[in-house]
J.: 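My structure is below; once you've seen it, I'll send some questions.
Heavy-atom basis, side chains included; hydrogens, waters and symmetry copies ignored.
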Amino acid sequence: MSRPAMRFPVDPEHLLLSGVTDYAIYMLDPSGVILSWNTGGERIKGYSDAEVLGEHFSKFYTAEDRAAGEPDRALATAAREGRYEAEGWRVRKDGSHFRANIVIDAIWHEGRHVGFAKITRDITERYTAQQQLRSAQQSLAQVQRINALGQLSLGLAHDFNNLLAVVTASLDLLPGADEARRQRLVDVARQATERGQRLTLQMLAFARGQRLAPALHDINALVFDAADVYRRAAGAITQCEFALSEVPPLMVDAGQLEAALLNLVGNARDALQSSGTIRISTRRARPDPREHVEAREGTDYVYVTVADDGPGMDEEVRLRAMEPFFTTKDVGHGSGLGLSQVFGFASQSGGFAFIDSQPGRGTRVTLALPIPDPAP
């Protein structure tokens, strides 16, 4: 035996909408005039139904949005696409502003557009929390940059102090030295000044201030010709392999490319906790712009990658490794400019560089160098 249908003293839909207090839910006619109003609208916006029925819904918008035609644009989009959703500032009866998430749905009846259903939600607390979080993240990033500058200053001060001490000691010992010892002291001082020059060049590379001398080169030939240099840099207990694919010639500074690869091989060697393998590879690729915003649309690149099978990096270190001046080495064992030189060289050559790494899966640093357009 079926139960008789429950009868409400008022329209159930009206009862439902008036019971919703967290959302302003109301109807608009096709021109945007308010036809209905619920309790949530009064709670959020401060107006009673008598104050808004027959009014245009644009009264809830800021003066700037009204002047820019935002209310009409929202209705036109909903009528054309069936739905419009956005987030923005709205105005309460008392003139205060609140952050709103709004949805407008077009209502059709028997093939005729009869109006809109509009839902507004107050998300001010969430928006404020997000802004506070973003501000805290920016402050943390600023602190990290300051710390990185401090690490850079310590590293450079330590390195240059050591170099100057070598030069000064050599000069002090010269007057009383015999000819053979005098030559050795001069050689030691010269090596120290050359080391200082290399540090300066690394700083210029990071700052994109070095002067490049690009020419058309066969990248595979450049890598092959310097293979012995890379093997020596990899060290006696580390195997250095090559996987060179067929790639077109590039406009690059050959010497700076070799210096960048030497830096990467040295970093890979230092990352390996015991014997391991370092692999230098080349290949042609079309970067995904969603992953590499620096890539030029419709441009192919040659990827020159230095990979190792070492311990890898966690995500925090991987992201920070791409920041200027960051180093995980002890003070005096590197200024943190090695990767900066690599990234600076790639950028100044018209390309970019990126790091792929996971704990236990090694690290791959890739120089992405653009393939020049063919000559007419």
Side-chain angles (χ1 to χ4, degrees), residues 148 151-152 155-156 159 195 197-214 217 219-220 222-223 226-227 229-235 238 240 242-244 247 250-272 278-283 285 287 291-295 301-308 310 312-313 317-329 333-357 362-371:
Q151 290 177 356
L152 171 72
L156 289 178
D159 284 353
R195 169 62 179 158
Q197 185 181 32
R198 285 195 297 272
L199 277 175
T200 303
L201 289 175
Q202 287 180 318
M203 294 173 68
L204 287 172
F206 160 68
R208 281 75 162 170
Q210 64 181 346
R211 295 178 65 112
L212 298 182
H217 288 286
I219 297 300
N220 288 341
L222 292 180
V223 173
V229 176
Y230 301 137
R231 288 192 179 99
R232 285 196 297 271
T238 302
C240 188
F242 300 87
L244 308 180
V247 293
L250 299 181
M251 290 292 296
V252 293
D253 185 313
Q256 291 300 326
L257 175 63
E258 181 179 329
L261 293 178
L262 274 173
N263 262 317
L264 295 180
V265 170
N267 282 347
R269 177 202 62 218
D270 294 342
L272 291 169
I278 297 172
R279 180 176 290 103
I280 302 176
S281 62
T282 59
R283 67 183 178 94
E291 296 181 8
H292 304 290
V293 296
E294 314 95 327
Y301 289 73
V302 170
Y303 281 5
V304 185
T305 300
V306 176
D308 66 69
M313 311 175 188
V317 172
R318 187 189 73 84
L319 292 174
R320 294 206 62 198
M322 293 188 286
E323 294 177 2
F325 315 133
F326 178 75
T327 177
T328 57
K329 299 176 183 178
H333 293 277
S335 61
L337 283 170
L339 274 180
S340 298
Q341 180 184 14
V342 171
F343 282 84
F345 165 71
S347 176
Q348 202 170 354
S349 299
F352 58 95
F354 59 93
I355 299 175
D356 291 315
S357 186
T363 299
R364 295 158 300 284
V365 184
T366 298
L367 286 162
L369 303 172
I371 297 174

J.: Nearest 0.5 Å please: distance from the NE2 atom of H217 over to the CG atom of D253.
T.: 7.0 Å
J.: Is any side-chain heavy atom of I371 closer than 4.5 Å to a side-chain heavy atom of L250?
T.: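 Heavy-atom side-chain distance check passes, below 4.5 Å.
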J.: Quick one: OG1 on T366 to CD1 on I355, what's the gap to the nearest 0.5 Å?
T.: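 It is 9.5 Å, given to the nearest 0.5 Å.
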J.: Minimum heavy-atom separation for Y301 and E294, please, with both atom names.
T.: OH-O, 4.3 Å
J.: How many angstroms lie between CG in L369 and CG in L257, if you round to the nearest 0.5 Å?
T.: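 CG of L257 is found 6.5 Å from CG of L369.
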J.: Looking at every heavy atom in both P287 and A295, which two are closest together, and how far apart are they?
T.: CB-CB, 3.7 Å
J.: Partners of S357 by side chain to side chain donor-acceptor pair (under 3.5 Å), sequence neighbours excluded?
T.: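 With sequence neighbours excluded, S357 shows a side chain to side chain donor-acceptor pair (under 3.5 Å) to T363, given in chain and number order.
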J.: With heavy-atom distances below 4.5 Å as the criterion, would you say the side chains of V365 and N267 are in contact?
T.: no
J.: Please determine whether side-chain contact (heavy atoms from CB on, under 4.5 Å) holds for the pair F345 and L261, giving the CA-CA distance in whole Å, both sets of side-chain angles, and the decisive distance to 0.1 Å.
T.: CA-CA 11 Å; F345 165 71; L261 293 178; over 6 Å; no
J.: Please enumerate all residues that pass side chain to side chain donor-acceptor pair (under 3.5 Å) together with S281, with sequence neighbours excluded.
T.: none
J.: Can you measure from CG (L262) to CD (Q256) and round to the nearest 0.5 angstrom?
T.: 11.0 Å
J.: With sequence neighbours excluded, tell me which residues meet side chain to side chain donor-acceptor pair (under 3.5 Å) with T238.
T.: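 By the side chain to side chain donor-acceptor pair (under 3.5 Å) rule, T238 matches no residue at all.
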J.: Of the non-hydrogen atoms in L367 and A346, which two are nearest, and what is the gap between them?
T.: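 The answer is CD2-CB, 3.6 Å.
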J.: Who pairs with R364 by salt bridge (Lys or Arg N to Asp or Glu O under 4.0 Å), at least two apart in sequence or on another chain?
T.: none
J.: So, using ring-ring contact (aromatic ring centres under 6.0 Å, His included) as the criterion, who are the partners of Y303 when residues are at least two apart?
T.: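 Partners of Y303 by the ring-ring contact (aromatic ring centres under 6.0 Å, His included) criterion, ordered by chain and then number, come out as F354.
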J.: So which of L264, N263, V342 actually passes side chain to side chain contact (heavy atoms under 4.5 Å, CB included) with V306?
T.: L264
J.: First locate atom CZ of R283, then atom CD1 of I219, and finally report the distance between them rounded to the nearest 0.5 Å.
T.: 15.0 Å
J.: Salt bridge (Lys or Arg N to Asp or Glu O under 4.0 Å) with R269: which residues, sequence neighbours excluded?
T.: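 Not a single residue meets the salt bridge (Lys or Arg N to Asp or Glu O under 4.0 Å) criterion with R269.
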